[in-house]
Amino acid sequence: MSNKYDHKKIESKWRDIWEKAGLNRTDLKSVKPKHYNLVMFPYPSAEYIHLGHIYSYSGADVYGRYQRLKGKNVFEPIGFDSFGLPAENFAIKKGIHPEKVIDHAIDQSTRQLKEAGFMFDWFREVITSKPDYYKWTQLLFLKLYDQGLAYRKEAPVNWCPSCKTVLANEQVKDGLCDRCDTEVVQKEMKQWFFKVTDYAERLIKDLDKVDWPESSKIKQRNWIGRSEGVEMDMQITDSKEKFSVFTTRIDTVYGMTYVVLAPEHPLVNKITTDKQKKEVEKYKIQAQKQTEIERQSLEKDKTGVFTGSYAINPFTGEKVPIWIADYVLFGYGTGAVMAVPAHDERDFEFAKKYKLPIIQSIAPHSVDTKNPPRKGKTDTRRKVVHVILENDKGEVLTLNLKGQEWGDNKPKTLIIGGIEDRESPEEAAMREIEEETGYTDVQISEVYPIEFHAEFFAAHKDVNRYVETVGVFCQLKSEKKVPVSENEKKLHEIIWVKKKNLLSSVTIPDDIFLAKAYVEKIGSYTEYGVLINSGKFTGLIYEEAKKKMADWLEKKGIGSRKINYRLHDWSIGRQRYWGAPIPIIHCDKCGVVPVPEKDLPVKLPENIKDFRPKGTGKGPLASVSEFVNVKCPRCGGKAERETDTMDTFVDSSFYFLRYPSTGDDTQMMEPKVTKKWLPVDMYVGGAEHVTMHLLYARFITKALHDAKLITFDEPFMKLRHQGYILGPDGKKMSKSKGNVVNPDGVVKEHGADAFRTYILFMARFEDGGPWNPKGLVGVSRFLEKIWRIGIGLDSRLHGNDNKGNWPDVSSTEVQAKLARTIKKVGEDIESFKFNTAVASLMTLMNGISVEKRPDEDWISKGDFEKLLIILAPFAPFITEELWEKLGNKDSIHVEKWPAYDEKLIQEEAVTIAVQVNGKVRDQLVVNVDSAKDEVFELAKASEKVQKYLLDKEVKKVIYIEGKLLSLVVN
RNA sequence: GCCCGGGUGGCGGAAUUGGUAUACGCGAAGGACUUAAAAUCCUUUGGUCGUAAGACCUUGCGGGUUCGAGUCCCGCCUCGGGCACCA
């Protein structure tokens, strides 16, 4: 081989050698500590492996290779998630059998993955569409069925009219089919489900056990959507019927002014009065016809109809009207809600539209933190009114208080006054307006009065104050006035302020709160506060109120505490051909009978004439009579097979459990090897899988744990995400945009080493970004330089006799640089900061040039070999070639990660900055352990610093060891 | 609307978590080698003003805390991603 760095030759040479030697074949029985390094296996589509795969796998592979160098027995398996819609849709389009499509795609993808130099253990490959795999998918189904976790029910499902199949909630995006963007419709069908909801609580709680990105944990928690509340029975008037509502805000119950049932609620027919029947029926039909997208649309007004019946609020004993409206979802909670317009935005909107009453039952409550009530002082209560008076010019009246300077500001307030006994806030407002301004022609606005409470210590009176403030909104009808008393005139002048300026005009907190409510048109107060208008619960703060009200309900036996989840059960049946058949037989006599384990796999019939979906609600398998017609395994009578296949997410929910047991066709998981190798230590893949694949895999793991098949209940101990690699135009790569970059071209031109190293150097791993091949030459140049040093072509970079011989030892400078780099690269790989790891390798490379600093920099062969080892995870081929050229027999990839001497990293002299009043004025070279005074003296001696100290007094000296000296002067 | 992330030179991006902002790479400019080009190597490279020494400015915008803020706090703007009538 010539001296030229020929990546093509080198890479194909080592690919063959490694494969023959079985370098990446993991001995699962080794006693070395294990590291299970997992990547999300690819979907073998028509596009094969794309840049995103290369990116993700490069990061994971560097991590895996690093773990191997650190002495771990690393298992990095790979396979293909080959069932599912894309392959089938592609097959339909081209008129080829899906099996052929995926076989070809797998061949191509395998070639690409091998070319990229990932250390995958191909011996343990799984392909989910092969019977030796889906046998276990079917067994998994049976295990869940045994546990009662797989069940069938009539349910409204998402039906895609174009794909002619049922979709899981996760496959519906904005009401459109995830795959083909067709509008999804609702259909009632008998469906197979997995009971994920049984595990909702554990799926949330056990997130504490795993090392995942916090944002992904949050996403899963939100997706599961736990909410704590109470269920409360509501009696229907003049009837024996009752129903229950779910609420998280029982503290607002005194503000309930109506209740709403979902249109599908079974009680609707029973309680609708004859008079309302027609309208209710019409509404129900209309609601049913609506597609998801219409129902979810935000712009849509809230709609609903009155049923004619009433229910009793158990707290007040008062009756409230029962409405139906499609903003209440039948699938969540009890499908019925108590409506509290004052404290819920949706209810508010609805109430305004249908002119239903609004009653405030929660008042915002604040305690002045600067001036809180004091113990031992008398508590006093006051009721006051604040008035927003608006004229027809859109201005609001404020009062400028004369002679009452509050600090620098002249206080500007709204009209404020006390509410007297037996006076309503509205009456007080009218009275205050007249007294303070003289205006008499005033109308109370429709906006309901808003009440809020504040507590503080009133120093001038030496008492604690609890103020109940009611805001009243009024409109000035005309300028009609009565004379204002001289006394009032002295106190303040009237200033009309433009509505938009109101917020910045008023100064006291209560006014600001009201002004906000007025300007921003806050319709309902949805935060917490203190209970008002709430019978015996009035005055309680919400936490206590919630507790006491729930207790009250439970004691009375008309309600109980309850936790609801947003998560739905997982609909797993697909009316498609290309999936694992559900191993169930329907017998007229015995009903649903699971296929006996010994009869697995239930093979997908190969010779099917037409594998396209029929759109009848039954999958294409229904037309294959040899498949459908079977004997019942229980009674031997005539029976039919289930013709639905399973969602591909079932296939991928346990593949990582199967990897270590591949080849064993007697059991899904070999217990010993499973116990040793699982759970997965590091899982790398896209964040888009957080609410689907990753959640399902966790659920399945827990279910198998409960079935006593495995001993752990979390599958992935560590999880890291890569970002998206976008097209060069900054947009998501897609065929239709024509911005797809094929990795084959990059490998061909620059080699896998440069490709891997560059793609990791290009951006922060979790960020990703547009693919920009421009910078690739930088990495190529870097590898070329490494090559030239390695083969001794560049004596200038070894230093010594100019004949290309290696010096015995590196210069102390280089020793220190190498030690620092070993440390840095190791730390960076562990925290997935591959870009800075590569940068520091480049820095090291730049730092061993003899030409620039012949007296300081030269590197020994041994140290150069260390450099090769820490570079090897990124660039496995070139480092292996040089390693061999330097006379080593064994592979560089099974070497040890080099140790370094901590002492070499410690620097004796450091450059520190000298700041004067926060600005850097000079730099000083000092000993690391110099004392503060020493450094200060040095600084004072500096001309540059002196300039800024002339005639000034140094008031403060701050010294941060090894960093800087900061002087504060007056 | 709600919940997560981001916003730093011409570009991709660094910054030990409050301590010299712009590491590393690309690009650009100048130079060396060459008949020439490519490759390679060397130098310069945040902005403004200045012949210069130097001064001032600079991490989306506006405030604040601090001797010191890209980093912390408050209020905005903006770009991604997720959820979306979940009571």
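Residue numbers start from 1 in every chain, and the chains themselves are labelled A, B, ... in the order their sequence lines are given, proteins ahead of strands. This structure is a prediction, so every number in the text was calculated from the model and none was measured.
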key: Separation of the P atoms in B/A69 and B/U20, to the nearest angstrom   = 12 Å
inquiry  = Suppose we define a pair by two distances each less than 3.5 Å, Watson-Crick or G-U wobble; what does B/C41 pair with here?
reply    = B/G31
message = So that I can tick it off, tell me whether A/Lys817 and A/Asp857 are bridged by a salt bridge, with the cut-off set at under 4.0 angstrom between side-chain N and carboxylate O.
response = yes
ask   = Applying a 3.5 Å limit to both distances, which nucleotide forms a Watson-Crick or G-U wobble pair with B/A52?
value = none
query = OP1, OP2 of B/U58 versus side-chain N and O of A/Lys919: anything below 4.0 Å?
reply = no
ask   = When you check the gap from the basic side-chain N to the acidic O, do A/Lys4 and A/Asp6 get nearer than 4.0 Å?
value = no
key: Near-ring test A/Tyr258/A/Phe350, centroid separation under 6.0 angstrom   = yes
Position toward the 5' end of RNA chain B (nearest nucleotide), A/Ala839 or A/Leu776 = A/Ala839
remark   = On RNA chain B, more 5' by nearest nucleotide between A/Ile912 and A/Ser216 is A/Ser216
ask   = Just how far, in rounded Å, is C1' of B/A15 from NZ of A/Lys963?
value = 10 Å
key: Phosphate-side-chain proximity, A/Arg221 and B/C3, N/O vs OP1/OP2 below 4.0 Å   = no
task = Using the P atoms only, state how far B/G70 lies from B/U59, rounded to an integer number of Å.
result = 7 Å
inquiry  = Is the phosphate of B/U20 approached by A/Arg921 (side-chain N or O, under 4.0 Å from OP1 or OP2)?
reply    = no
request  = Mind checking A/Ser840 for me? I need base, sugar-phosphate or nothing, with any heavy atom below 4.0 Å counting as a touch.
outcome  = nothing
ask   = Under 4.0 Å between a Lys/Arg side-chain N and an Asp/Glu carboxylate O for A/Glu349 and A/Lys353?
value = no
Closest listed nucleotide, where the reference is the side chain of A/Val920 and the choices are B/C24, B/A21, B/A87 = B/A21
message = Can you measure A/Glu827 atom CD to B/U17 atom P for me and round it to whole angstrom units?
response = 11 Å
Output one line per pair: protein atom, nucleotide atom from nucleotides 66-69 of chain B, and distance, for all N/O pairs under 3.5 Å.
from: B/C67; atom 1: OP1; to: A/Lys956; atom 2: NZ; distance (Å): 3.4
from: B/C67; atom 1: O2; to: A/Ser966; atom 2: OG; distance (Å): 2.7

message = With a 4.0 Å limit, can you tell me whether A/Asn846 has a side-chain N or O closer than that to the phosphate oxygens OP1/OP2 of B/G25?
response = yes
task = Identify whether the distance between the nearest side-chain nitrogen and carboxylate oxygen of A/Glu961 and A/Lys932 falls below 4.0 Å.
result = no
key: Flag if over 12 foreign heavy atoms under 6.0 Å of CD, A/Glu214   = yes
message = Over all strands shown, is A/Ile218 touching base, sugar-phosphate only, or nothing at heavy-atom distances under 4.0 angstrom?
response = sugar-phosphate
message = Of the options B/A87, B/G13, B/C26, whose atoms approach the side-chain atoms of A/Asn835 most closely?
response = B/G13
remark   = Under a 3.5 Å limit on both distances, the Watson-Crick or wobble mate of B/G5 is B/C79
Distance in angstrom units between A/Gln923 CD and B/A21 P, rounded = 9 Å
message = Just N and O in the side chain of A/Arg781: are any of them under 4.0 Å from OP1 or OP2 of B/C26?
response = yes
message = Output the rounded distance in Å from CZ (A/Arg764) to C1' (B/C11).
response = 17 Å
task = Just name whichever nucleotide pairs with B/U71, Watson-Crick or G-U, keeping both distances under 3.5 Å, else none.
result = none
task = Quote, to the nearest angstrom, the P distance that separates B/C72 from B/U16.
result = 12 Å
ask   = Of the nucleotides B/C3, B/U20, B/A87, which has the atom closest to the A/Ala913 side chain?
value = B/U20
Minimal non-hydrogen separation, A/Tyr959 against A/Leu964, with atom names = CD1-O, 3.4 Å
Among B/A87, B/U20, B/C4, the one nearest A/Ser215 by side-chain distance = B/C4
inquiry  = For B/U78, does the O4'-C1'-N9-C4 or O4'-C1'-N1-C2 angle fall within 90° of 0, making it syn, or is it anti?
reply    = anti
request  = Calculate the interatomic distance between A/Arg566 atom CZ and B/G82 atom C1'; express it in whole Å.
outcome  = 10 Å
key: Base-pairing mate for B/U16 - Watson-Crick or G-U, with both contacts under 3.5 Å   = none
request  = Could you check how far OH of A/Tyr327 sits from C1' of B/G1, rounded to whole Å?
outcome  = 17 Å
message = I'd like to know whether the aromatic ring centres of A/Trp771 and A/Tyr724 sit less than 6.0 Å apart in this structure.
response = no
message = Roughly how many Å apart are B/A28 and B/C11, using the C1' atom of each and rounding to a whole number?
response = 11 Å
key: Heavy-atom pair of closest approach, residues A/Gly768 and A/Ala763   = O-CB, 3.4 Å
request  = Ignoring backbone atoms, establish whether A/Tyr724 has a side-chain N or O less than 4.0 Å from OP1 or OP2 of B/G81.
outcome  = no
query = Does A/Lys833 place a side-chain N or O at less than 4.0 Å from the phosphate oxygens OP1/OP2 of B/A15?
reply = yes
query = If you look at every strand shown and take non-hydrogen atoms under 4.0 Å, does A/Gly768 touch a base, only sugar-phosphate, or nothing?
reply = sugar-phosphate
task = From the options B/C41, B/C26, B/C85, select the nucleotide whose nearest atom is closest to the side chain of A/Asp326.
result = B/C85
key: B/U71 to B/G18 separation - P atoms, rounded to the nearest Å   = 11 Å
query = For A/Glu201, does the CD atom sit with more than 12 other heavy atoms under 6.0 Å from it, leaving out its own atoms?
reply = yes
inquiry  = Please give the distance between the C1' atoms of B/C83 and B/C73 as a whole number of Å.
reply    = 28 Å
key: Integer angstrom distance from the C1' of B/G9 to that of B/A23   = 13 Å
query = Which nucleotide in the list B/G19, B/A87, B/C3 gets nearest to the side chain of A/Asn222?
reply = B/C3
